[in-house]
*Asks:* 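The structure is given below, and queries will be raised subsequently.
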Amino acid sequence: MNSEQAYQRAVAKQMADEPHRKWLESHGIAFADSLLGDQRWSAYEWDYECAESDGFDAVNELINNRGMGFYDEDDPWGFVKFKAGVFASMVFALRDLNRERYFGTAKTRDSLTVFCSVPGSECTVWFEQDSARRLNPPSVFRTFASERINWIADGSDGSRPAPDDVQAIYLSMVENG
């Protein structure tokens, strides 16, 4: 998670980092776009990165089955289906919390952006975009899309935006679930 206050501290720190700003400029990257695309939206840039993550240890162990996985190794699509199912489960869990108003209502809900991410993956762009679209009010999603998705869709963060088989299976799961 991140807060607006933590984001403002990060902006101030980045503003003071002249070598970083020059590096961005030398690579044709607008400083303001970098702040929005990464600092505001990339979970690995946040002050509270992995805060309280110990609470997910049991889920992580369940998903990984002590390193053995839960997919049919004889099925050539087994891992792809498994990965798509994990992604769909993440969205369904957050959707259920959202329906229970865990993220607030009205103005409070409009001040919070909920999305799923797998940074550095070929799935990053489409998964962040689709999960944010499903989990947020339209105005919140539009802001996220214009700041984060536009940033990562052009590969500025090193992600690879190509659709894949995981996406197709994931979409069939979330649209039918």
Side-chain angles (χ1 to χ4, degrees), residues 1-15 20-21 24-25 27-52 83-177:
M1 76 177 170
N2 203 17
S3 69
E4 192 60 33
Q5 296 82 4
Y7 171 66
Q8 293 305 323
R9 287 191 301 271
V11 167
K13 183 178 176 183
Q14 293 292 327
M15 295 286 280
H20 179 69
R21 289 177 47 209
L24 289 171
E25 290 170 10
H27 286 80
I29 301 170
F31 181 65
D33 291 344
S34 172
L35 288 174
L36 287 176
D38 275 336
Q39 202 66 49
R40 180 179 286 278
W41 297 113
S42 177
Y44 290 103
E45 299 292 334
W46 294 345
D47 268 9
Y48 307 107
E49 172 195 354
C50 298
E52 305 299 325
K83 186 174 181 178
V86 170
F87 288 0
S89 296
M90 293 164 65
V91 171
F92 289 150
L94 290 170
R95 180 200 62 192
D96 291 349
L97 290 171
N98 194 40
R99 286 181 178 166
E100 293 173 16
R101 307 212 186 288
Y102 181 81
F103 304 120
T105 60
K107 194 173 187 175
T108 300
R109 180 60 186 91
D110 288 344
S111 69
L112 181 74
T113 305
V114 179
F115 66 99
C116 301
S117 183
V118 182
S121 166
E122 66 278 358
C123 303
T124 302
V125 176
W126 66 258
F127 190 43
E128 286 188 13
Q129 182 173 18
D130 189 74
S131 64
R133 182 181 56 79
R134 292 177 189 280
L135 298 169
N136 294 285
S139 63
V140 172
F141 171 70
R142 280 191 299 276
T143 299
F144 178 79
S146 71
E147 294 177 0
R148 175 65 174 167
I149 300 303
N150 287 346
W151 171 256
I152 63 175
D154 70 5
S156 297
D157 73 337
S159 65
R160 294 161 287 181
D164 60 15
D165 295 326
V166 175
Q167 180 184 22
I169 295 169
Y170 158 84
L171 287 172
S172 71
M173 290 176 171
V174 295
E175 290 172 5
N176 296 319

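Remember, it's a predicted structure, so these values are computed and weren't measured experimentally.
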*Asks:* Would Leu94 and Ser131 count as a side chain to side chain contact (heavy atoms under 4.5 Å, CB included) here? Give the steps.
*Replies:* CA-CA 9 Å; Leu94 290 170; Ser131 64; over 6 Å; no

*Asks:* Listing request: all side chain to side chain donor-acceptor pair (under 3.5 Å) pairs with a residue in residues 93-104, at least two apart in sequence or in separate chains.
*Replies:* Asn98-Arg109

*Asks:* Between Arg148 and Trp41, which heavy-atom pair has the shortest distance, and what is it?
*Replies:* CD-CB, 3.3 Å

*Asks:* Test Ser89 against Val86 for side chain to side chain contact (heavy atoms under 4.5 Å, CB included), laying out the working first.
*Replies:* CA-CA 5 Å; Ser89 296; Val86 170; 5.6 Å; no

*Asks:* Which atoms form the tightest heavy-atom contact between Cys123 and Asp164, and what is the distance?
*Replies:* SG-OD2, 3.5 Å

*Asks:* Given 3.5 Å as the limit, does a donor-acceptor pair link the side chain of Arg134 with the main chain of Val91, or not?
*Replies:* no

*Asks:* Let me see the working for His20 and Gln14 under side chain to side chain contact (heavy atoms under 4.5 Å, CB included), right down to the final yes or no.
*Replies:* CA-CA 7 Å; His20 179 69; Gln14 293 292 327; 2.8 Å; yes

*Asks:* Within this structure, what is the CD-CZ distance for the pair Glu122 and Phe127, rounded to the nearest 0.5 Å?
*Replies:* 12.5 Å

*Asks:* Could you walk me through whether Phe144 and Asn136 pass the side chain to side chain contact (heavy atoms under 4.5 Å, CB included) check?
*Replies:* CA-CA 10 Å; Phe144 178 79; Asn136 294 285; over 6 Å; no

*Asks:* Could you give the side-chain donor-acceptor pairs of residues 110-119 under 3.5 Å, partners two or more places apart or in another chain?
*Replies:*
| from | atom 1 | to | atom 2 | distance (Å) |
| --- | --- | --- | --- | --- |
| Ser111 | OG | Thr108 | O | 2.7 |
| Ser117 | OG | Glu128 | OE2 | 2.5 |

*Asks:* Main chain of Trp126, side chain of Asp130: is a donor-acceptor contact present, judged purely on distance under 3.5 Å?
*Replies:* no

*Asks:* Measuring from atom CZ of Arg133 to atom CD1 of Ile149, what distance do you get when rounded to the nearest 0.5 angstrom?
*Replies:* 11.5 Å

